[in-house]
Protein chains: 2
Amino acid sequence: MSKHVKEMGALKEHLGKHQLKFTRQRELILDAFLKQEHITAEEMYHQLARKDPHLGLATIYRTLNLFCEAGLAQARHFGTQTQYDNISHKGHHDHLICTGCGKIVEFENCDIERLQEEVASRNGFTIQTHRLELYGLCSPCRQ
Amino acid sequence: MSKHVKEMGALKEHLGKHQLKFTRQRELILDAFLKQEHITAEEMYHQLARKDPHLGLATIYRTLNLFCEAGLAQARHFGTQTQYDNISHKGHHDHLICTGCGKIVEFENCDIERLQEEVASRNGFTIQTHRLELYGLCSPCRQ
DNA sequence: TCTTTTATTGAGACGGTTTATCAATTTCAA
DNA sequence: TTGAAATTGATAAACCGTCTCAATAAAAGA
Ligand SMILES: [Mn+2]
Ligand SMILES: [Mn+2]
Ligand SMILES: [Zn+2]
Ligand SMILES: [Zn+2]
């Protein structure tokens with residue numbers, strides 16, 4: 001019996017609502033995706049290279065984008081390639097990224113979020129989403 | 001006599017320090033750039049299409065990237081194309097972006113910046129740069 | 001179960017954006 | 001004025017992700 005029963009259920013629910021089908025490929029990709037915190041389509045492609053059935057890169061992209069629509073993933077653009085962030089078992093969060101070793105640390109900060117709302121309303125905006133990324137050096141990378 | 005004397009001087013200083021040359025193209029592109037708040041390479045290419053000498057797209061890209069190195073510009077990735085942000089006469093700032101009409105509002109908020117530092121140090125990081133973008137609807141776009 | 005409809009898949013073509021290449025030209029210090 | 005060195009413009013190439021399409025698989029209906 002597969003792990004990830006809850007997330008598999010969430011996916012199936014989304015599929016049902018949109019007359020999409022539950023396929024072997026989607027199951028395989030979800031299983032692999034849920035073991036990661038952040039992953040690119042290319043990385044997942046290589047990780048699943050020897051599985052049966054063989055998974056095409058286009059399918060990986062399509063499926064990760066599907067997970068975004070289903071609320072299981074979120075696309076982020078830290079570097080050159082899109083990172084798919086596994087948000088299935090956590091809420092909104094932002095990131096600290098080490099420019100030395102590439103380490104990514106997730107964080108949440110309500111005070112910052114509240115101040116963002118203030119800035120927005122002061123300018124007549126209603127926030128839909130936001131992106132906050134802090135780039136710097138982690139402790140080991142500073143020697 | 002050209003405007004932008006101060007910025008032209010800043011560019012020349014950077015060129016001098018890196019054994020780069022002051023060319024007619026760089027002068028033209030800087031003059032056009034300083035009239036903008038945010039602009040893409042493509043937009044600038046079309047804007048300068050009828051100038052003499054003719055400016056190649058590659059030169060526009062190279063020169064805008066040079067401005068980034070000289071501290072006059074900063075590359076931002078709001079949408080599909082890179083936006084070059086004119087930071088010559090203002091310090092660091094962040095952005096509110098309307099998903100309805102594309103309007104971009106700049107803002108600064110010291111309290112947010114301070115909280116960012118706190119988050120970083122709590123995680124053993126030293127911040128080098130950061131990116132904060134708030135996406136939402138401006139007042140006219142909400143009707 | 002068998003049939004039929006509809007969605008999905010994988011391969012590769014394609015598109016948009018940015019950078020690399022390179023011969024010709026320009027800059028600028030000597 | 002000369003000549004080494006940097007710059008330029010045209011365009012090829014790289015890169016990443018999406019689109020196309022014929023073959024296949026899923027699932028709803030009989
Ligand atoms: Mn994350
Ligand atoms: Mn700006
Ligand atoms: Zn590090
Ligand atoms: Zn608007």
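From a predicted model like this one, the values you see are computed outputs, not experimental measurements. Side chains are part of it too, since the values below use all heavy atoms of this structure and drop only hydrogens, waters and symmetry mates.
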Quickly work out the [X] [atom1] to [N] [atom2] distance and round it to whole Å.
X       : N      : atom1 : atom2 : value
B/Ile60 : C/dT19 : CD1   : C1'   : 15 Å
A/Leu64 : C/dT9  : CG    : P     : 12 Å
A/Leu28 : D/dA26 : CG    : P     : 12 Å
B/Leu66 : C/dT19 : CG    : P     : 13 Å
B/Leu57 : D/dA12 : CG    : P     : 15 Å
A/Leu55 : D/dT24 : CG    : P     : 17 Å
A/His18 : C/dT8  : NE2   : P     : 12 Å
B/Leu15 : D/dA5  : CG    : C1'   : 15 Å

Please set out all donor-acceptor pairs under 3.5 angstrom arising from side-chain atoms of residues 115-122 of chain A, sequence neighbours excluded.
residue	atom	partner	partner atom	Å
A/Gln116	OE1	A/His130	ND1	3.2
A/Ser121	OG	A/Glu118	O	3.3

Where do [X] and [Y] come nearest, in terms of heavy atoms and distance?
X        : Y       : value
A/Leu34  : A/Ser88 : CD2-OG, 3.4 Å
B/Ala49  : B/His54 : O-ND1, 4.2 Å
B/Cys138 : B/Cys98 : N-SG, 3.4 Å
A/Ile29  : A/Phe67 : CG2-CE1, 3.9 Å

Do A/Arg131 and B/Arg131 come close enough that some side-chain heavy atom pair is under 4.5 Å? yes
Side-chain contact, heavy-atom cut-off 4.5 Å: A/Leu48 with A/Met44? yes
Sort and list the pairs that fulfil salt bridge (Lys or Arg N to Asp or Glu O under 4.0 Å) and have at least one residue in residues 32-51 of chain A, not counting sequence neighbours. A/Glu37-A/Lys90
How far apart are the C-alpha atoms of B/His93 and B/Phe107, what are their side-chain angles, what is the distance that settles it, and do they pass the ring-ring contact (aromatic ring centres under 6.0 Å, His included) test? CA-CA 6 Å; B/His93 60 270; B/Phe107 71 89; 8.7 Å; no
Determine which pairs satisfy side-chain hydrogen bond (donor to acceptor under 3.5 Å, both in side chains) with at least one residue from residues 64-74 of chain B, sequence neighbours left out, and list them in order. B/Asn65-B/Tyr84
Could you give the angle between the helix axes at the two ends of the helix from C/dT1-D/dA30 to C/dA30-D/dT1, with five pairs per end, rounded to 10 degrees? 30°
Protein proximity profile, nucleotides 22-30 of chain C - base contact B, sugar-phosphate-only contact S, no contact -, cut-off 4.0 Å on heavy atoms: -----BS--
Could you check A/His54 against B/Gln83 and say which one's nearest nucleotide on DNA chain C is further toward the 5' end? A/His54
Anything under 3.5 Å between a protein N or O and an N or O of nucleotides 12-17 of chain C, put it in a table, one pair a line.
residue	atom	partner	partner atom	Å
C/dT17	OP1	B/Gln81	OE1	3.2

Can a side-chain donor-acceptor contact be found between A/Thr82 and A/Arg76 if the only test is distance below 3.5 angstrom? no
